[in-house]
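Side chains are part of it too, since the values below use all heavy atoms of this structure and drop only hydrogens, waters and symmetry mates.
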Amino acid sequence: MRHVIALDVGGTGMKAALVGAVDAAPSGGTPPVLHRARRATGREHGPDAVVESILAFAADLRAHGERRFGEPAAAVGVAVPGIVDADRGIAAYSANLGWRDVPLRALLSERLDGIPVALGHDVRTGGLAEGRIGAGQGADRFLFVPLGTGIAGAIGIDGRVEAGAHGFAGEIGHIVVRPGGTPCPCGQRGCLERFASAAAVSEAWAEASGDPEADAADCAKAVEAGDPRALVVWHEAVDALADGLVTALTLLDPRTLIIGGGLAEAGETLFTPLRAAVERRVTFQKLPSIVPAALGDTAGCLGAGLLAWDLLGTPSPSNPASEVTT
């Protein structure tokens with residue numbers, strides 16, 4: 001059975017899948033996920049060890065596919081964090097993984113006997129999956145914004161994700177929403193992610209509640225219970241997020257705004273006040289649909305599979321991926 005390898009490399013762990021072709025789907029039209037696996041990156045051993053972990057994982061996945069399906073993978077798609085030069089196949093920089101200018105595409109292709117490899121940025125790759133087979137399906141223009149440790153964005157246009165001239169498109173987390181505010185590691189002050197990321201809400205709620213172990217999920221529960229301290233923290237985060245999103249939609253005019261990441265797991269505790277806050281701020285702009293992401297933490301891996309099939313010229317699916325269990 002023809003298939004590709006999909007790899008989503010995170011700060012501490014890797015998610016992987018073997019993804020079948022469209023014509024292999026039981027119902028027709030959507031590529032099945034044939035096998036899933038996870039593995040640690042081994043970043044505590046340094047950047048060279050991380051690279052070797054990726055190469056070894058890919059080789060093991062290739063061997064599994066050959067044993068199980070009678071042929072090796074036809075291509076590989078890999079999503080990595082940090083700065084990515086997708087055209088040249090280079091993982092340029094990652095603070096979490098400690099690497100610089102890693103020719104990951106060439107290394108993977110060499111380890112896997114020359115098969116084609118597509119390299120992508122993790123958030124843009126997740127956005128590709130959300131746009132094609134997730135919450136943005138059918139939207140010609142969308143913006144995917146995951147709210148996690150930081151805040152990033154993926155700009156979707158007609159089935160592809162815009163990287164920008166230098167690979168930095170979509171960095172919505174570094175829109176300044178509170179001039180002169182909290183310093184950001186990027187060098188600016190008052191960046192959106194310093195106020196509205198899951199990490200920022202966790203930090204603010206830990207301080208407000210007096211519990212150093214409290215996090216954003218605890219804050220959401222306290223909001224639902226009517227805790228006035230939590231309501232203040234939540235309101236400030238939602239207001240900052242709305243300010244950043246309105247700036248983005250003014251520039252990009254998306255049809256659908258997809259919110260994902262850990263903070264989105266609060267559901268309507270987040271989405272009800274957020275929709276209202278965005279609506280209050282728009283004047284001439286067209287209000288997009290504001291919806292939760294559909295694919296959760298599988299988006300990056302599924303997107304990597306789409307990158308691999310794109311590399312082979314296979315038509316993209318238009319429905320959520322079905323799954324074949326192993």
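Between A208 and V233, the closest heavy-atom pair is CB-CG2, 4.0 Å.
Annotation: side chain to side chain contact (heavy atoms under 4.5 Å, CB included) contacts of I175 (sequence neighbours excluded): I172, V177, T247. D215 is linked by a salt bridge (Lys or Arg N to Asp or Glu O under 4.0 Å) to nothing, counting only residues two or more places apart in sequence or in another chain. Remark: R189 engages no residue in a side-chain hydrogen bond (donor to acceptor under 3.5 Å, both in side chains) (not counting sequence neighbours). With sequence neighbours excluded, no residue forms a salt bridge (Lys or Arg N to Asp or Glu O under 4.0 Å) with R43. Partners of E162 according to the side-chain hydrogen bond (donor to acceptor under 3.5 Å, both in side chains) rule, which considers only residues two or more places apart in sequence or in another chain, are R160. In this view, E207 satisfies the salt bridge (Lys or Arg N to Asp or Glu O under 4.0 Å) rule with no residue, not counting sequence neighbours. The side chain to side chain contact (heavy atoms under 4.5 Å, CB included) search around A200 returns S197, not counting sequence neighbours. Qualifying side chain to side chain contact (heavy atoms under 4.5 Å, CB included) partners for T149, counting only residues two or more places apart in sequence or in other chains: A199. For the salt bridge (Lys or Arg N to Asp or Glu O under 4.0 Å) test, residues two or more places apart in sequence or in another chain that qualify with E268 are R275.
Between the side chain of E130 and the backbone N or O of L295, at least one donor-acceptor pair lies under 3.5 Å. Listed for the W234 side chain is no donor-acceptor partner under 3.5 Å among the backbone atoms of A222. Remark: side-chain polar atoms of Q188 are not paired, donor with acceptor, to backbone N or O of V176 under 3.5 angstrom. No donor-acceptor distance shorter than 3.5 angstrom exists from the side chain of S109 to the backbone of V117, with no hydrogens or angles considered. Using modelled atom types, one side-chain atom of R105 and one backbone atom of R88 make a donor-acceptor pair closer than 3.5 Å. Formation of a donor-acceptor pair under 3.5 Å by the E71 side chain with backbone atoms of E66 is not found in this model. Panel note: side chain T41, backbone V50; no donor-acceptor pair is recorded below 3.5 Å. A donor-acceptor pair under 3.5 Å is absent between the side-chain atoms of H35 and the main chain of V33, judged by distance alone. Without hydrogens or angle criteria, R124 side chain to G167 main chain gives a donor-acceptor distance under 3.5 Å. For R281 (side chain) and A277 (main-chain N/O), a donor-acceptor pair under 3.5 Å exists by modelled atom type.
When side chains are defined from C-beta on, F195 counts as touching R178, because their heavy atoms get closer than 4.5 Å. Using a 4.5 Å heavy-atom threshold, the side chains of V78 and V9 count as touching. At a threshold of 4.5 Å between non-hydrogen side-chain atoms, the residues P32 and V19 do not count as touching. Between V76 and L112 the shortest side-chain heavy-atom distance falls below 4.5 Å. Side-chain contact between D8 and M14 is absent, with no heavy atoms from C-beta onward closer than 4.5 Å. Side-chain atoms of L249 and V278, non-hydrogen and from C-beta on, do get closer than 4.5 Å to each other.
A continuous path of ILVMFWY side-chain contacts below 4.5 Å connects L245 to L263, so both sit in one hydrophobic cluster. Residues W99 and I90 fall into different hydrophobic clusters, defined by Ile, Leu, Val, Met, Phe, Trp and Tyr side chains chained together at heavy-atom separations under 4.5 Å. Neither V238 nor V291 shares a network with the other; the hydrophobic side chains, linked directly or stepwise wherever heavy atoms of I, L, V, M, F, W or Y lie under 4.5 Å apart, form separate groups for each.
Residue C219 holds its SG atom at 12.0 Å from CG of D211, rounded to the nearest 0.5 Å. The structure places CZ of R39 at 9.5 Å from CG of L7, a figure rounded to the nearest 0.5 Å. Atom OG in S289 sits 9.5 Å away from atom CG in L257 (nearest 0.5 Å). Separating the CG atom in L128 from the CG atom in D310 is a distance of 6.5 Å, to the nearest 0.5 Å. Atoms OG and CG, from S209 and D227 in turn, are 8.5 Å apart once rounded to the nearest 0.5 Å. Here the CD1-CD1 distance, from I259 to I151, works out to 9.0 Å after rounding to the nearest 0.5 Å.
Within the hydrophobic cluster formed by Ile, Leu, Val, Met, Phe, Trp and Tyr side chains joined at under 4.5 Å, directly or through other members, V232 stands alone, with no partner residue. Annotation for F168: hydrophobic cluster partners, listed by chain and number, are I83, Y93 (ILVMFWY side-chain heavy atoms under 4.5 Å, direct or chained).
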Donor-acceptor contacts, no H, no angles, side chain residues 140-147, under 3.5 Å, sequence neighbours left out:
unit_1	atom_1	unit_2	atom_2	d
D140	OD1	R255	NE	2.6
D140	OD1	R255	NH2	3.3
D140	OD2	R255	NH2	3.1
R141	NH1	D158	OD1	3.2
R141	NH1	D158	OD2	3.4

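Around the CD atom of E279, the shell of radius 6.0 Å holds no more than 12 heavy atoms that belong to other residues, nucleotides or ligands. For E110, the CD atom is loosely surrounded, since the number of other residues' heavy atoms within 6.0 Å does not exceed 12.
Between the side chains of H235 and D239, at least one donor N or O lies within less than 3.5 Å of an accepting N or O.
Ring geometry for H64 against F69 counts as perpendicular: the plane angle is over 60°, on a 0 to 90° scale with 30° as the lower cut.
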